[in-house]
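In this text, all values refer to a predicted model and were calculated from it rather than measured experimentally.
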Amino acid sequence: MSTKLKVGIVGGGFMGRVHGRSALVSGAQIVGAVGSSPARAEAAAEASGAERGYETLADLLATDVDVIHVCTPNNTHREVTLQALAAGKHVVCEKPLATSVADATGLEAAAHEAGLVGAVPFVYRYHPMVRELRARLAAGEAGVITSLHGSYLQDWLAGADDQNWRVDDSTGGPSRTFADIGSHWCDLTEFVTGDKIAAISAQLRTVRGERGGVPVRTEDLATAQFRTEAGVVGTIVVSQVAAGRKNRLYLEVSGTEGSFGFDQEDPDRLWAGRRTASQILTRDPDTLSPGAARVNRLPAGHAQGYQDAFDSFVADSYAAVLGDRPDGLPDFAAGARSAQLIDAVLRSAAADSAWITVPGSPIKGS
């Protein structure tokens with residue numbers, strides 16, 4: 001960046017560290033991080049690479065800061081983001097943007113009315129081979145898309161004693177697994193195809209009904225079938241209790257002329273299948289489409305992964321703050337769209353897997 005933005009990070013932990021690294025790589029100055037006590041403020045600053053810690057959000061907002069990164073529990077996103085927008089700060093808010101459709105659409109409207117950038121880290125959009133997939137689908141290489149299927153599987157909550165604040169619906173919201181990782185799969189699918197999910201039928205299951213002596217009211221896994229506005233049918237399975245799977249997001253797009261498969265745990269490759277033969281496409285800046293080459297960060301043969309994708313997302317967010325309009329930046333409209341899908345899944349599951357129509361909304365950046 002030719003202009004050095006000043007940013008603040010609210011919240012520490014894993015995501016605070018990830019946001020902090022990306023901010024520094026993008027050339028920003030992290031002026032401060034917020035913690036709820038002197039010790040937590042110091043820890044948040046150390047985790048994120050900030051110059052100092054602040055005990056309150058108001059103290060941080062009173063400083064000379066351009067962008068606020070919100071990395072707090074889900075139930076605080078609305079309050080923290082509204083305060084930041086009211087103070088004239090651009091916002092990068094972790095997903096889910098909010099725990100209800102009303103709150104998410106309200107945040108989208110607030111950012112729009114304030115004329116400020118609001119971005120949500122659906123960072124899997126930023127793998128070069130995802131952009132390559134998007135370009136090839138747009139060029140018609142799949143022919144008529146017939147079906148979409150895939151999964152997002154993790155195992156970090158598989159154990160009976162595994163615990164996290166996301167499990168508590170009062171903190172994480174009414175959906176856990178679908179809101180946390182199913183949202184990524186749906187955003188990725190709509191982004192690469194340009195086709196929105198129009199109706200969905202879902203079922204949820206809570207495998208660990210109790211954790212640490214406390215009843216669990218959020219789902220451990222979810223499955224759904226759906227159809228898109230173009231009439232494509234699809235299925236998805238998401239789980240946080242799939243032993244052995246660490247962070248396996250897989251999407252396959254099937255078409256009459258060709259099919260493509262993307263595996264987030266092997267992001268430098270894209271499977272391309274045809275009736276006569278199949279091949280593995282590898283990330284090579286010399287052969288990538290222009291859109292994919294734009295988010296490429298390393299030479300061919302040098303593994304590029306999750307943090308690189310996050311770095312590209314943050315760089316695009318900061319470019320938007322400086323007046324650019326980066327292609328494919330997931331903004332607060334994407335966050336509101338995700339909230340609609342999560343709500344549809346919850347309503348379907350509560351109604352014995354009834355088909356629920358998902359309200360239409362533009363896919364910004366697609």
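- Side-chain contact annotation: Asp284 with Thr282, donor-acceptor N/O pair under 3.5 Å absent.
- Among residues at least two apart or in separate chains, salt bridge (charged side-chain N to carboxylate O under 4.0 Å, His left out) pairs with a member in residues 85-103 are Arg78-Asp103, Lys95-Asp180.
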Show the numbers, then the answer: is there a salt bridge (Lys or Arg N to Asp or Glu O under 4.0 Å) between Arg134 and Asp327? CA-CA 12 Å; Arg134 179 179 178 231; Asp327 174 54; 2.9 Å; yes
Show your reasoning for whether salt bridge (Lys or Arg N to Asp or Glu O under 4.0 Å) applies to Arg248 and Glu265. CA-CA 6 Å; Arg248 209 247 184 179; Glu265 290 188 335; 5.2 Å; no
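- Qualifying side chain to side chain contact (heavy atoms under 4.5 Å, CB included) partners for Ala47, counting only residues two or more places apart in sequence or in other chains: Arg17.
- Side-chain atoms of Leu5 and Leu322, non-hydrogen and from C-beta on, do get closer than 4.5 Å to each other.
- A distance of 15.5 Å separates CZ in Phe191 from NZ in Lys196, rounded to the nearest 0.5 Å.
- Considering CG of Leu341 and OG1 of Thr189, their distance stands at 10.0 Å, rounded to 0.5 Å.
- Note: Tyr306 and Phe14 have parallel aromatic rings, judged against thresholds of 30 and 60 degrees for the angle between ring planes.
- Between the CZ atom of Phe262 and the CG atom of Leu251 there is a distance of 9.0 Å, given to the nearest 0.5 Å.
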Side chain to side chain contact (heavy atoms under 4.5 Å, CB included) assessment of Arg136 paired with Leu281: CA-CA 12 Å; Arg136 288 172 180 263; Leu281 306 175; 3.5 Å; yes
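- With no hydrogens or angles considered, no side-chain donor-acceptor pair links Ser353 and Gln203 at under 3.5 Å.
- Of the charged side-chain nitrogens involved, at least one lies within less than 4.0 Å of a carboxylate oxygen, so that Asp220 and Arg211 count as a salt-bridged pair.
- The structure places NE2 of His19 at 13.0 Å from CG of Leu24, a figure rounded to the nearest 0.5 Å.
- With hydrogens and angles disregarded, no donor-acceptor distance shorter than 3.5 Å links the side chain of Thr206 to the backbone of Gly209.
- Phe332 belongs to a hydrophobic cluster whose remaining members, ordered by chain and number, are Val10, Val31, Val34, Tyr54, Leu57, Leu60, Leu61, Val65, Ile68, Val70, Val80, Leu82, Leu85, Val91, Leu97, Leu107, Leu116, Val120, Phe122; membership requires side-chain heavy atoms of ILVMFWY residues under 4.5 Å apart, directly or through intermediates.
- The cationic group of Arg245 does not satisfy the cation-pi geometry with Trp156, failing either the under 6.0 Å distance to the six-membered ring centre or the 45° limit from the ring axis.
- Across all non-hydrogen atoms, the minimal contact from Gly261 to Leu270 is O-CD1, 3.4 Å.
- Judged as a ring pair (Phe, Tyr, Trp, His ring centres under 6.0 Å), and not counting sequence neighbours, His149 has no contacts.
- Between Arg297 and Asp308, no side-chain nitrogen of the basic residue sits less than 4.0 Å from a carboxylate oxygen of the acidic one, so the salt-bridge criterion is not met.
- For the residue pair Ala292 and Pro128, the shortest heavy atom distance occurs at CB-O, 3.2 Å.
- Side chains of Gln307 and Ser22: a donor on one and an acceptor on the other come within 3.5 Å.
- Across all non-hydrogen atoms, the minimal contact from Thr171 to Pro73 is CG2-CB, 3.6 Å.
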Could you go through Leu329 and Ser317, starting from their C-alpha distance and side-chain angles, then the distance that decides it, and tell me whether this counts as side chain to side chain contact (heavy atoms under 4.5 Å, CB included)? CA-CA 7 Å; Leu329 175 67; Ser317 298; 3.6 Å; yes
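- Taking both residues in full, the closest heavy atoms of Arg347 and Ile356 are given as NH2-CG2, 3.4 Å, listed atom of the first, atom of the second, then distance.
- In summary, the side chains of Asn74 and Arg166 do not present any donor paired with an acceptor at a separation below 3.5 Å, with no hydrogens or angles considered.
- Sorted by first and then second residue, the side-chain hydrogen bond (donor to acceptor under 3.5 Å, both in side chains) pairs involving residues 111-121 (not counting sequence neighbours) form an empty list.
- Side-chain N or O atoms of Gln304 include one that pairs as donor or acceptor with a backbone N or O of Leu298 at under 3.5 Å.
- Note that OG of Ser259 and CD of Glu252 are 6.0 Å apart. Values are rounded to the nearest 0.5 Å.
- Residues passing the ring pair (Phe, Tyr, Trp, His ring centres under 6.0 Å) test with Phe313 are Phe310, sequence neighbours excluded.
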Are Glu257 and Glu141 close enough, and set up right, to give a side chain to side chain contact (heavy atoms under 4.5 Å, CB included), and what steps lead you there? CA-CA 7 Å; Glu257 301 299 323; Glu141 290 192 22; over 6 Å; no
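- The environment of CZ in Arg40 is sparse: at most 12 heavy-atom neighbours from other residues, nucleotides or ligands sit within 6.0 Å.
- In summary, Arg325 and Asp316 do not engage in a salt bridge, as defined by a charged side-chain N under 4.0 Å from a carboxylate O.
- Between Val192 and Leu137 there is a side-chain heavy-atom pair separated by less than 4.5 Å.
- Side-chain atoms of Thr81 come within 3.5 Å of backbone atoms of His77 as a donor-acceptor pair (strictly under, hydrogens ignored).
- In terms of modelled atom types and a separation under 3.5 Å, the side chain of Ser348 and the main chain of Ala344 share no donor-acceptor contact.
- Using a cut-off of 4.0 Å between Lys/Arg side-chain N and Asp/Glu carboxylate O, Arg283 and Glu132 are scored as not salt-bridged.
- The minimum heavy-atom distance between Gly32 and Ala50, with the atom names listed, is C-CB, 3.6 Å.
- A cation-pi arrangement is present between Arg131 and Tyr126, with the terminal nitrogen or guanidinium carbon under 6.0 Å from the aromatic centre and inside a 45° cone about the axis.
- Residues Leu221 and Val216 are members of separate hydrophobic clusters, defined by side-chain heavy-atom contacts under 4.5 angstrom among Ile, Leu, Val, Met, Phe, Trp and Tyr.
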Apply side chain to side chain contact (heavy atoms under 4.5 Å, CB included) to the pair Leu153 and Val238, showing each step before the final yes or no. CA-CA 6 Å; Leu153 308 176; Val238 296; 6.0 Å; no
Are Lys6 and Asp66 close enough, and set up right, to give a salt bridge (Lys or Arg N to Asp or Glu O under 4.0 Å), and what steps lead you there? CA-CA 5 Å; Lys6 297 180 179 180; Asp66 302 299; over 6 Å; no
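- Looking at Tyr152 and Asn247, their side chains do bring a donor and an acceptor atom within 3.5 Å of each other.
- By the neighbour-count criterion of 12 heavy atoms within 6.0 Å, atom CD of Glu46 is sparsely surrounded, having that number or fewer from other residues, nucleotides or ligands.
- Electrostatic pairing of Glu219 and Arg176 does not count as a salt bridge here, judged by no charged N lying under 4.0 Å from a carboxylate O.
- The heavy-atom pair separating Thr235 from Trp185 by the smallest distance is O-CH2, 3.9 Å.
- Residues Val321 and Val7 share a hydrophobic cluster, clusters being chains of Ile/Leu/Val/Met/Phe/Trp/Tyr side chains in contact below 4.5 Å.
- Residue Arg205 qualifies as open at atom CZ: its count of foreign heavy atoms under 6.0 Å is 12 or below.
- Open room surrounds CD on Glu42; 12 or fewer heavy atoms of other groups in view lie less than 6.0 Å from it.
- Under the 4.5 Å side-chain heavy-atom criterion for Ile, Leu, Val, Met, Phe, Trp and Tyr, Leu204 and Ile181 are members of the same hydrophobic cluster.
- Here Asp311 contributes atom CG and Ser26 contributes atom OG; the two are 6.0 Å apart, rounded to the nearest 0.5 Å.
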